[in-house]
Amino acid sequence: MTKQKLNNIGYLTAAMTFAIASIIMYAHFQGFKGDYEAYGLLFIPIAFLVNLCVLIFIFVTANRRGIKGSFWSIYLMFLNIPVAFFYLWFAIYLMGYYRVTIINNTSSNITDIHLSGCDNKSVKELVAGEKETVWIEIKSDCSLSILYIDAGKNANQDVVEGYLCSGMGQHADYYISGKDNPKY
């Protein structure tokens with residue numbers, strides 16, 4: 001095996017590790033359906049072991065074959081370490097937020113939407129069929145309520161989430177019609 005082939009193995013490992021971690025982080029940040037927090041926490045030790053095995057393989061193969069010099073792929077693999085720490089910090093930071101997507105699945109416009117409890121957020125209006133994701137910072141144990149005005153100018157109030165605490169980092173959908181919402 002040549003030095004270039006060993007470097008290519010290292011480059012591929014570093015690039016794949018970075019790409020997979022970036023995809024998991026992006027999906028988590030965007031609130032895609034799925035347990036991306038768990039995927040990320042599972043991926044970290046797997047990526048560490050794979051990268052370590054590739055590093056050992058490069059060193060052992062280079063020593064056995066008498067290949068001398070620097071392996072730039074190893075430096076690239078080591079650059080993934082600070083990236084991994086940043087992604088871990090960012091994931092922990094996001095765990096302090098609750099993302100709720102308010103979905104107007106009614107046939108009329110909803111106005112003056114106010115979320116309160118953990119944090120106070122507002123949405124001016126949601127037309128029929130529209131949705132909006134709101135990020136709620138969770139500073140301590142709390143519940144999250146919603147107050148909105150329907151098309152008949154009636155004030156409606158409901159509980160979005162009965163219990164939240166920092167570190168939960170969840171994402172949920174809240175349907176204005178009440179269909180498929182949990183009852184607290």
Side-chain angles (χ1 to χ4, degrees), residues 15-48 79-184:
M16 292 300 293
T17 302
F18 178 77
I20 293 169
S22 296
I23 290 168
I24 291 170
M25 181 57 67
Y26 179 77
H28 173 68
F29 180 74
Q30 290 298 322
F32 293 163
K33 297 289 184 203
D35 193 10
Y36 290 98
E37 298 88 4
Y39 299 153
L41 292 175
L42 179 64
F43 180 71
I44 289 169
I46 292 171
F48 175 78
L79 278 176
N80 271 342
I81 294 171
V83 172
F85 280 118
F86 171 74
Y87 281 176
L88 183 61
W89 169 83
F90 193 57
I92 291 169
Y93 174 78
L94 290 178
M95 297 296 281
Y97 284 85
Y98 178 75
R99 296 176 309 263
V100 59
T101 301
I102 304 167
I103 302 169
N104 184 359
N105 59 340
T106 66
S107 58
S108 58
N109 295 353
I110 305 298
T111 59
D112 298 319
I113 303 164
H114 299 285
L115 294 162
S116 61
C118 306
D119 197 0
N120 295 320
K121 299 285 180 158
S122 296
V123 176
K124 186 172 178 138
E125 180 180 24
L126 284 177
V127 297
E130 189 177 30
K131 63 182 177 180
E132 184 166 334
T133 300
V134 180
W135 289 65
I136 304 293
E137 185 175 6
I138 307 169
K139 297 174 186 164
S140 62
D141 294 0
C142 58
S143 64
L144 185 64
S145 299
I146 188 169
L147 175 67
Y148 60 90
I149 308 297
D150 62 18
K153 303 294 182 206
N154 299 315
N156 296 283
Q157 187 169 5
D158 195 8
V159 175
V160 176
E161 190 70 46
Y163 178 75
L164 294 169
C165 68
S166 187
M168 289 177 78
Q170 295 178 339
H171 178 258
D173 295 334
Y174 178 82
Y175 297 90
I176 294 293
S177 70
K179 181 183 178 216
D180 297 328
N181 291 338
K183 299 297 176 202
Y184 297 99

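Sequence positions, counted from 1, serve as the residue numbers for this chain.
Residues I176 and N104 come closest through the heavy atom pair CG1-CA, 3.8 Å. Of all heavy-atom pairs spanning E161 and L164, the tightest one is CG-CD2, 3.4 Å. Between E137 and D119, the closest heavy-atom pair is N-OD2, 3.4 Å. Minimum interatomic distance between K131 and L126 (heavy atoms only, all atoms of both residues): C-CD2, 4.1 Å. Across all non-hydrogen atoms, the minimal contact from Y174 to V159 is CE1-O, 4.3 Å. The two residues S122 and H114 come nearest to each other via the heavy atoms OG-ND1, 2.8 Å.
Of the inter-residue distances, the one linking T101 atom OG1 with Y175 atom OH reads 9.0 Å to the nearest 0.5 angstrom. The distance from atom NZ of K139 to atom OH of Y97, rounded to the nearest 0.5 Å, is 8.5 Å. With rounding to the nearest 0.5 Å, the separation of NZ in K153 from CG in D112 is 8.0 Å. Here the CZ atom belonging to R99 is positioned 6.5 Å from the CG atom belonging to L94, to the nearest 0.5 angstrom. We find the CD-CD1 distance between E125 and I113 to be 8.5 Å, quoted to the nearest 0.5 Å. The structure places CG of L144 at 7.0 Å from OG of S116, a figure rounded to the nearest 0.5 Å.
In this pair, Y87 and F18 present their aromatic rings parallel. The plane angle is below 30°, not in the 30 to 60° band.
Around atom CZ of F86, more than 12 heavy atoms belonging to other residues, nucleotides or ligands sit under 6.0 Å away. Environment of CZ in F48: sparse, with no more than 12 heavy atoms of neighbouring residues, nucleotides or ligands closer than 6.0 Å.
Taking the six-membered ring wherever Trp is involved, the centroid distance between the rings of W89 and Y93 falls below 6.0 Å.
By the 4.5 Å heavy-atom criterion applied to side chains, I102 and Y148 are not counted as neighbours. Side-chain contact between I110 and D150: present, with at least one pair of heavy atoms (C-beta onward) separated by less than 4.5 Å.
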Given side-chain hydrogen bond (donor to acceptor under 3.5 Å, both in side chains), test S177 with T106 step by step and report yes or no. CA-CA 6 Å; S177 70; T106 66; over 6 Å; no
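Cys pair C142 and C165 fails the test of SG atoms under 2.5 Å apart.
Here the side chain of D158 pairs no donor or acceptor atom with the backbone of N156 at under 3.5 angstrom.
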